[in-house]
Q: 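Sharing a structure with you now.
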Amino acid sequence: MLEKQFNPDLLYNSIVHFYIDKKGYSKDKANAIAQKVVQKEAQRRICKNEKCKHFSHDHIRNLETCLVADCECNRFTK
(Lines give C-alpha, C1' and ligand atoms only; values in the text may rest on other atoms or scores of the structure.)
Protein backbone atom coordinates (compact mmCIF):
# COMPACT_ATOMS: atom_id res chain seq x y z
CA MET A 1 0.00 0.00 0.00
CA LEU A 2 1.37 3.40 -0.95
CA GLU A 3 1.36 6.43 1.29
CA LYS A 4 -0.90 9.27 0.27
CA GLN A 5 1.09 11.96 -1.53
CA PHE A 6 2.14 14.87 0.70
CA ASN A 7 0.16 18.04 -0.08
CA PRO A 8 1.96 21.00 1.51
CA ASP A 9 -0.67 23.53 0.37
CA LEU A 10 -3.50 21.70 2.12
CA LEU A 11 -1.49 21.39 5.34
CA TYR A 12 -0.35 25.03 5.15
CA ASN A 13 -3.90 26.35 4.69
CA SER A 14 -5.34 24.27 7.50
CA ILE A 15 -2.62 25.41 9.92
CA VAL A 16 -3.03 29.08 9.03
CA HIS A 17 -6.81 28.91 9.43
CA PHE A 18 -6.49 27.08 12.74
CA TYR A 19 -4.16 29.67 14.25
CA ILE A 20 -6.12 32.65 12.94
CA ASP A 21 -9.65 31.35 13.64
CA LYS A 22 -9.18 29.27 16.79
CA LYS A 23 -6.16 30.83 18.48
CA GLY A 24 -6.62 34.46 17.38
CA TYR A 25 -3.04 34.85 16.11
CA SER A 26 -2.12 37.51 13.57
CA LYS A 27 -1.89 36.54 9.92
CA ASP A 28 1.92 36.98 9.91
CA LYS A 29 2.44 34.83 12.98
CA ALA A 30 0.11 32.11 11.67
CA ASN A 31 1.98 32.09 8.34
CA ALA A 32 5.35 31.78 10.11
CA ILE A 33 4.12 28.82 12.17
CA ALA A 34 2.65 27.15 9.10
CA GLN A 35 5.90 27.53 7.15
CA LYS A 36 7.90 25.87 9.92
CA VAL A 37 5.45 22.97 10.25
CA VAL A 38 5.30 22.34 6.49
CA GLN A 39 9.11 22.39 6.21
CA LYS A 40 9.45 19.93 9.08
CA GLU A 41 6.80 17.59 7.65
CA ALA A 42 8.40 17.68 4.19
CA GLN A 43 11.82 16.79 5.65
CA ARG A 44 10.28 13.95 7.63
CA ARG A 45 8.89 12.44 4.40
CA ILE A 46 12.16 12.56 2.42
CA CYS A 47 14.37 9.46 2.32
CA LYS A 48 17.60 10.14 4.18
CA ASN A 49 19.55 7.76 1.94
CA GLU A 50 22.17 9.94 0.17
CA LYS A 51 21.57 8.09 -3.13
CA CYS A 52 17.80 8.54 -3.03
CA LYS A 53 16.29 11.70 -1.45
CA HIS A 54 12.81 10.87 -2.84
CA PHE A 55 9.59 11.32 -0.88
CA SER A 56 8.15 8.42 1.10
CA HIS A 57 5.20 8.15 -1.29
CA ASP A 58 7.75 7.15 -3.96
CA HIS A 59 8.55 4.01 -1.94
CA ILE A 60 6.48 0.83 -1.78
CA ARG A 61 4.90 0.67 1.70
CA ASN A 62 7.37 3.41 2.74
CA LEU A 63 9.89 0.72 3.70
CA GLU A 64 10.80 -1.17 0.56
CA THR A 65 11.99 -0.46 -2.96
CA CYS A 66 11.93 3.03 -4.40
CA LEU A 67 9.47 3.43 -7.29
CA VAL A 68 11.76 5.80 -9.22
CA ALA A 69 13.20 3.72 -12.07
CA ASP A 70 16.86 4.77 -11.92
CA CYS A 71 17.17 4.94 -8.11
CA GLU A 72 19.42 2.51 -6.20
CA CYS A 73 17.54 2.86 -2.89
CA ASN A 74 16.64 -0.50 -1.34
CA ARG A 75 14.82 0.74 1.77
CA PHE A 76 13.26 4.01 2.91
CA THR A 77 15.64 5.51 5.47
CA LYS A 78 14.12 7.67 8.20
Q: Supply the atom-to-atom distance H54 NE2 to C71 SG, rounded to the nearest 0.5 angstrom.
A: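 Output value for this atom pair is 5.0 Å.
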Q: Only pairs under 3.5 Å count here: list side-chain donor-acceptor contacts from residues 7-21, not counting sequence neighbours, and write none if there are none.
A:
residue, atom, partner, partner atom, Å
N7, OD1, D9, N, 3.2
N7, OD1, L10, N, 3.3
Y12, OH, N31, OD1, 2.9
N13, ND2, D9, O, 3.3
S14, OG, L10, O, 3.3
S14, OG, L11, O, 2.9

Q: Got C66 and C47 here, is their nearest side-chain heavy-atom distance under 4.5 Å?
A: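 No, too far: nothing below the 4.5 Å cut-off.
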Q: Can you list the residues that meet the side chain to side chain contact (heavy atoms under 4.5 Å, CB included) rule with K29, with sequence neighbours excluded?
A: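 With sequence neighbours excluded, K29 shows a side chain to side chain contact (heavy atoms under 4.5 Å, CB included) to Y25, S26, I33, given in chain and number order.
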Q: Run the side chain to side chain donor-acceptor pair (under 3.5 Å) test against E41 and tell me which residues pass, sequence neighbours left out.
A: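 So E41 forms a side chain to side chain donor-acceptor pair (under 3.5 Å) with R44, R45.
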